[in-house]
Structures are given as C-alpha cells and as structure tokens.
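Below, read A as the first sequence line, B as the second, and so on, with proteins coming before strands; counting in each chain starts at 1. Note that the structure is a prediction, hence the values are computed from the model and not measured.
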Protein chains: 2
Amino acid sequence: MPLFMSKYTNKVDGKGRVSVPAQFRASLPSGFQKSIVMYQAVNHEAIECCDLLHIEKVNDSLEGFAPYSDEHDEFSLALMSGLTELCFDGNGRIILPQELMEYAGITNFATFAGKGKTFQIWEPGAFKLELDIARRKVKEKKDLLRFRLNKTERIIKDES
Amino acid sequence: MPLFMSKYTNKVDGKGRVSVPAQFRASLPSGFQKSIVMYQAVNHEAIECCDLLHIEKVNDSLEGFAPYSDEHDEFSLALMSGLTELCFDGNGRIILPQELMEYAGITNFATFAGKGKTFQIWEPGAFKLELDIARRKVKEKKDLLRFRLNKTERIIKDES
DNA sequence: TTAAAACCCATGTTATTCCATTTAAAGGAT
DNA sequence: ATCCTTTAAATGGAATAACATGGGTTTTAA
C-alpha cells in the first residue's frame, strides 16, 4: 500500500487552484487517481484529504447501524455531507473550496503534509507551529507507540 | 458505487422548481437517472431522497417480516405510501411537492445534503442547526463506528 | 376552461479544459 | 564535483463547456 509522506508547499493562484504534489497523486490507489476527497480535519484548523476508496469503506461501515436508527442518521449526515470530491485538471491541480480555505486560513500558499493513509493541507505558518507541538508531544509520549506486524508481514508469516 | 456526498444550497423559484445538484444526478445508478424518490425523513423535518433501485431494496427487505404480520403491514404502509417519484425536467430540476415543502419548512432556498446512499433536502437554517447537533453527537459516540471490510476486500479475502 | 405540469430556449455565472511558460529535478558527460 | 542536457513538475492565462436560473409556450388532466 502506497503511503502519503513528506511535505510540500505550493502556490494557490487567484482562482484557488493548487497543484497536488505529484508524489501524492502517485500514491492514490489504482482506479482512484482522478480525484481526492477532503473535509475539515477534526482536531485542527486544516483540511484532511483521502481517496474515494477510503470513503467507500466509511460508508460501508455505516451499514453496521440499522438504516433508520438515530446513529445511522447522525453519522451519515455528519460524515458524508461535509465531504467534497475534487477532480484533478490536466496538470494535477484542484480548486480549493472557499469554505475549506477559510476554515484552514489558507490564502496564497498551502502546505501538503503526508500522514500515511491520509494527508492534510495547512496554511504554511500554522503548519510550522503545529509540527513543533506535535514533535514535542511525541518526545514526551514516545514510549506509547508499539510496533505491530503489518499486513505484508502477516502474510509472509502465514506462508512460512 | 457512486455516493451522495457534500452539500449544496439552491434556489427554489416561484413555481417550486429546484435544480438537483448535478453531482447528485451523476451519482444515480445507470438506468435510474430520470427521477428520484422522496419522502418525509423519519427523524427530522427534512425531505429524504433516494433512487428507485434503493426503494426496490427496501421493499425486498420487507420480506423479512411474515407476509401478514403486523410489522409487515405497518412498515409497508408507512414506508411505501409516503413515497413520491419526481422526474427531472430538461435542466435537471424537479418540482417540490407542496406537502413536503411545508413539512421541511422550505420556502426560497433548499439545502441538499449527501448521506451516502441517500440525500436530504433541508431548509438552510434548519440544516445548519442540525449539522451542528449531528457533529456533536458523532464526537460523543465516535467509538460506535466500527470499520468493516468493504466489498472489494471481502472478494479478495474469499479468493485467498 | 383553467391550473398545473412538462417542455423549450435564453442568460449569467462558475467550473473545466487546453495551451504556453516557468521552475525544478534528474541524468550524463566533461 | 561542475556544467550542460533532458525530463518532469508547477504555474499562469485564455478559451470552452457545464451548470443553475429565469421566463415563456405548449400540453395534460381535472
């Protein structure tokens, strides 16, 4: 599975267009490379992005609730109505929706930050501050992270 | 599988006409793109919409009840009798039925909110309030959502 | 006959597509 | 290493198409 990693800062032009880093476009699963889906990040004033396949998984998970239950209603509305699917133009750019630009405080430049299975788009200054904070927190809590066998390793283990 | 996502607010003209967002029309299954089906949302003062194929699935699931049971009677009557099928005009508009407009309190503008397999139509102000509530509830109950293998993964798993 | 629905066409706006240019990265040869 | 060449990526602007909306005309059904 290809992962989103590294960070890139690109220009946002007058129409709200930005190039999505070519590395990130290449990391999208095959068959889902035409577009990305974005929404307000839950914990920060940033835009969170993923691929459509990921969204389909979330939607499948909603079927765990009874179709007319309160929970199905609340989750489907809160999760799905806040999404925006954006297709790339011929040059790999997207147009950032006004609402999300304002939420993240983005004006002339946007920082793309890989987060593994997802990536985020930040106002560059805000990202620097947040990265600092995150790094300090990781130093404090570094012992909390435990390594697990990943999927590939589990398969190899089964075969041996 | 195409999903209804994102939200759009469109104008309702003097004749009660509204454009159904082109994205939503494109998300209708092929062969079912001429019309949508709508009814009073069970949990809110909003209009719930889906495609005919979805209604056929709901109808099929009624067969889970014994044919002359009280439940079969109650559910089939409540769910099926309140449905309205609306066809698009040449520009992708529908005419909102008076009864449903009143139920949802819609006058001059209507907010279309994606919910995955269905979408809802709200009076814009009411939607803002409800979205707020839904987001808060989801934060409280976020542990209830469990990721499930999606269809693609299940197929791969079956083959292995 | 009359009101409502279906149909048709015109318009302003917004998004998409296309092409040209600039910038940056990668590779090869000196 | 340094410079030069080649390729890919990012950026800018203009042409084009799609969409939402307004209004009018015809058809349908009560």
Side-chain angles (χ1 to χ4, degrees), chain A residues 2 4-28 33-38 47 49 52 83-102 106-114 119 121-124 127, chain B residues 2 4-28 33-38 47 49 52 83-102 106-114 119 121-124 127:
Chain A
F4 301 112
M5 58 176 107
S6 187
K7 64 183 148 61
Y8 308 85
T9 297
N10 287 342
K11 195 163 193 325
V12 180
D13 72 13
K15 301 178 183 175
R17 291 185 300 188
V18 238
S19 291
V20 175
Q23 297 279 10
F24 284 9
R25 278 180 273 138
S27 296
L28 292 166
Q33 304 201 328
K34 302 185 311 298
S35 69
I36 52 174
V37 177
M38 54 178 66
I47 304 170
C49 306
L52 201 50
L83 303 178
T84 310
E85 182 183 5
L86 296 173
C87 294
F88 302 116
D89 70 13
N91 302 318
R93 286 177 293 193
I94 52 171
I95 298 180
L96 291 176
Q98 197 62 39
E99 189 183 342
L100 289 176
M101 280 186 69
E102 283 169 15
I106 294 168
T107 53
N108 293 120
F109 289 91
T111 296
F112 293 75
F119 63 90
I121 309 178
W122 288 75
E123 191 282 316
F127 177 71
Chain B
F4 300 111
M5 61 175 107
S6 189
K7 65 184 148 60
Y8 308 86
T9 296
N10 287 342
K11 197 163 192 327
V12 181
D13 71 13
K15 301 178 182 177
R17 292 183 301 186
V18 237
S19 290
V20 175
Q23 296 278 13
F24 283 9
R25 278 180 274 138
S27 295
L28 293 167
Q33 305 202 329
K34 302 185 312 296
S35 70
I36 52 175
V37 177
M38 55 177 66
I47 305 171
C49 307
L52 261 177
L83 302 181
T84 312
E85 183 183 4
L86 296 175
C87 293
F88 302 116
D89 72 12
N91 300 318
R93 286 177 293 194
I94 52 171
I95 297 180
L96 291 176
Q98 198 60 40
E99 187 186 342
L100 288 175
M101 279 186 71
E102 283 168 13
I106 293 168
T107 54
N108 293 120
F109 289 91
T111 296
F112 293 74
F119 64 90
I121 309 178
W122 287 77
E123 191 282 317
F127 177 71

Atom-pair distance ([atom1] on [X]; [atom2] on [N]), nearest Å:
X        : N      : atom1 : atom2 : value
B:Ile95  : D:dT21 : CD1   : C1'   : 14 Å
A:Phe24  : D:dA10 : CZ    : P     : 11 Å
A:Asn108 : D:dT11 : CG    : P     : 12 Å
B:Ile94  : C:dA5  : CD1   : C1'   : 14 Å
B:Lys34  : C:dA6  : NZ    : P     : 14 Å
A:Gln23  : D:dA8  : CD    : P     : 14 Å
B:Tyr8   : D:dT21 : OH    : C1'   : 17 Å
B:Arg93  : D:dT21 : CZ    : C1'   : 6 Å

- Would you say a side-chain N or O of A:Ser19 is under 4.0 Å from OP1 or OP2 of D:dT11? yes
Any B:Arg25 side-chain nitrogen or oxygen under 4.0 Å from OP1 or OP2 of D:dA20
yes
The salt bridge (Lys or Arg N to Asp or Glu O under 4.0 Å) partner of A:Asp13 among A:Arg17, A:Lys11, A:Lys15 is A:Arg17
inquiry  = Tell me whether the side-chain N or O atoms of B:Asn91 pair up with the base of D:dT21 as donor and acceptor below 3.5 Å, since no angle test is needed here.
reply    = yes
Review point. Checking only heavy atoms, does the side chain of B:Lys15 share a donor-acceptor pair with the base of D:dG24 at less than 3.5 Å?
Key: yes
Q.
Using a heavy-atom cut-off of 4.0 Å across all strands, would you classify A:Asp89 as base, sugar-phosphate, or nothing?
A. base
task: With heavy atoms under 4.0 Å as the rule, sort A:Val20 into base, sugar-phosphate or nothing.
output: sugar-phosphate
Winner on side-chain proximity to B:Arg17, out of D:dG13, D:dT21, C:dC7, is C:dC7
Looking only at D:dG22, D:dG12, D:dC19, the nucleotide nearest the B:Asp13 side chain is D:dG22
Exercise. Is B:Ser6 reaching over with its side chain to a backbone N or O of A:Leu83, donor-acceptor style, under 3.5 angstrom?
Worked result: yes
Practice problem: Give a yes or no answer on whether the side chain of B:Asn10 reaches the backbone of B:Val18 with a donor-acceptor pair at less than 3.5 Å. | Solution: no
Quick one: does A:Ser27's side chain get under 4.5 Å of A:Met5's, heavy atoms only? no
The side chain to side chain contact (heavy atoms under 4.5 Å, CB included) partner of A:Ile36 among A:Ile121, A:Leu52, A:Thr84, A:Ile94 is A:Ile94
